[in-house]
Amino acid sequence: RQMHRIISGLVLLAFLYHSTPALAKPMPITAKSWLVADEQGHVIQGENTDTVRPIASITKLMTAMVVLDANQDFNEKIGQFTRYQLLQMMLVKSDNHAAIVLCDNYPGGKDSCIKAMNFKSTLLQLPNTKFIEPTGLSVMNTSTASELIILVQAASNYPPIVSASKSSEIQIKVKKKWLVFRNTNPIIGRNHNFIVSKTGFINASGGCIVMMLDTDIGRRIVVVLGSKNTRTRIPEAEFISKKS
């Protein structure tokens with residue numbers, strides 16, 4: 001009978017361990033640089049926040065801002081798609097070709113587009129945020145976690161960027177066919193109200209994401225750079241967003 005009680009107790013402990021997340025080890029953060037800040041940009045917690053790193057497709061937030069600053073016709077067709085459709089594809093699907101086409105068709109062409117991106121970095125006082133192309137495929141597109149707070153805050157002032165950040169998918173009609181593009185951030189449209197969201201990945205950058213979102217403890221800005229891969233960046237960002 002005593003042995004039976006011991007075995008029953010061990011079974012119960014095993015059940016509690018596997019069924020109660022609080023008893024398991026806390027999530028390890030693989031990101032090389034990360035932070036969570038409040039709406040005003042004050043850092044609540046973070047690590048290596050001033051380390052310069054490649055930012056991959058987070059670049060596209062700056063591409064979008066300078067394209068929108070140029071006030072070009074949204075409805076102008078550039079090849080198969082309108083300028084607005086390309087903007088949506090660039091931000092939601094993280095389409096590299098869309099970013100290239102938008103930058104190539106910026107007033108003055110690609111060189112003027114890249115110059116405008118770097119000039120905007122200067123205006124925002126982001127000395128480590130630099131760009132040599134519009135997609136993020138280059139390791140030379142860099143920033144720091146702390147400077148990306150300011151980039152996200154700036155992006156939140158652009159309604160088309162906010163609209164794309166809230167879209168779990170977009171549908172674009174080409175002739176008689178509807179094309180569906182899903183957001184590279186799979187938690188869009190679930191529990192959170194997103195204001196800004198942009199993912200990124202190249203081998204040199206690791207998994208990256210920036211988010212501005214409303215949480216149960218207030219509006220938060222989350223930056224994750226150098227996460228292990230594209231599967232770890234989202235859970236880590238969600239975990240970090242709950243730190244206070």
Q: Using the test side-chain contact (heavy atoms from CB on, under 4.5 Å), find all partners of Ser112 that sit at least two apart in sequence or belong to another chain.
A: Tyr106

Does the [X] side chain pair with the main chain of [Y], one donor and one acceptor, at a distance under 3.5 Å?
X: Lys176; Y: Lys173; value: no
X: Arg83; Y: Asn75; value: no
X: Thr142; Y: Val52; value: no
X: Gln153; Y: Glu39; value: yes
X: Asp95; Y: Ala98; value: yes
X: Ser163; Y: Pro159; value: no
X: Gln85; Y: Thr82; value: yes
X: Gln171; Y: Leu179; value: no
X: Asn118; Y: Phe131; value: yes

Flag for [Y]-[X]: side-chain donor and acceptor within less than 3.5 Å:
X: Ser146; Y: Thr49; value: no
X: Lys60; Y: Asn96; value: yes
X: Thr129; Y: Ser143; value: yes
X: Asn141; Y: Glu133; value: yes
X: Thr30; Y: Ser227; value: yes

Q) ring-ring contact (aromatic ring centres under 6.0 Å, His included) with Tyr84: which residues, sequence neighbours excluded? A) Phe74

Q | Sequence-distant partners of Phe194, ring-ring contact (aromatic ring centres under 6.0 Å, His included), two or more places apart | A | His192

Q: I would like to know whether Thr184 and Thr199 meet side chain to side chain donor-acceptor pair (under 3.5 Å); could you show each step before the answer?
A: CA-CA 7 Å; Thr184 54; Thr199 61; 2.6 Å; yes

Q | disulfide (SG to SG under 2.5 Å): pairs with one or both residues in residues 187-232, sequence neighbours excluded | A | none

(Q) Quick test of your reading: applying disulfide (SG to SG under 2.5 Å), list the pairs with at least one residue in residues 97-198, sequence neighbours left out, ordered by first then second residue. (A) Cys103-Cys113

Rounded to the nearest 0.5 Å, what separation is found between the [atom1] atom of [X] and the [atom2] atom of [Y]?
X: Leu91; Y: Asn185; atom1: CG; atom2: CG; result: 13.0 Å
X: Met212; Y: Ile161; atom1: CE; atom2: CD1; result: 11.5 Å
X: Leu213; Y: Ile221; atom1: CG; atom2: CD1; result: 10.0 Å

Using the rule that two of Ile, Leu, Val, Met, Phe, Trp, Tyr join whenever any of their side-chain heavy atoms come within less than 4.5 Å, decide whether [X] and [Y] are in one cluster.
X: Leu102; Y: Met65; value: yes
X: Met89; Y: Leu61; value: yes
X: Val139; Y: Ile55; value: no
X: Leu68; Y: Val92; value: yes

Q. Is it true that Asp104 and Lys110 have a side-chain N and a carboxylate O under 4.0 angstrom from each other?
A. no

(Q) Under 4.0 Å between a side-chain nitrogen and a carboxylate oxygen: does that hold for Asp214 and Arg220? (A) no

Q.
Just so I know, are the side chains of Thr63 and Thr59 near enough to count as touching, which here means a heavy-atom distance under 4.5 Å?
A. yes

(Q) Once side-chain hydrogen bond (donor to acceptor under 3.5 Å, both in side chains) is applied, do any residues pair with Ser167, and if so which ones, sequence neighbours excluded? (A) none

Q: Given side chain to side chain donor-acceptor pair (under 3.5 Å), test Asn183 with Lys93 step by step and report yes or no.
A: CA-CA 5 Å; Asn183 201 304; Lys93 180 179 177 279; over 6 Å; no

Q) Going through the distances and angles, do Leu148 and Ile58 end up as a side-chain contact (heavy atoms from CB on, under 4.5 Å)? A) CA-CA 9 Å; Leu148 287 175; Ile58 295 171; 4.0 Å; yes

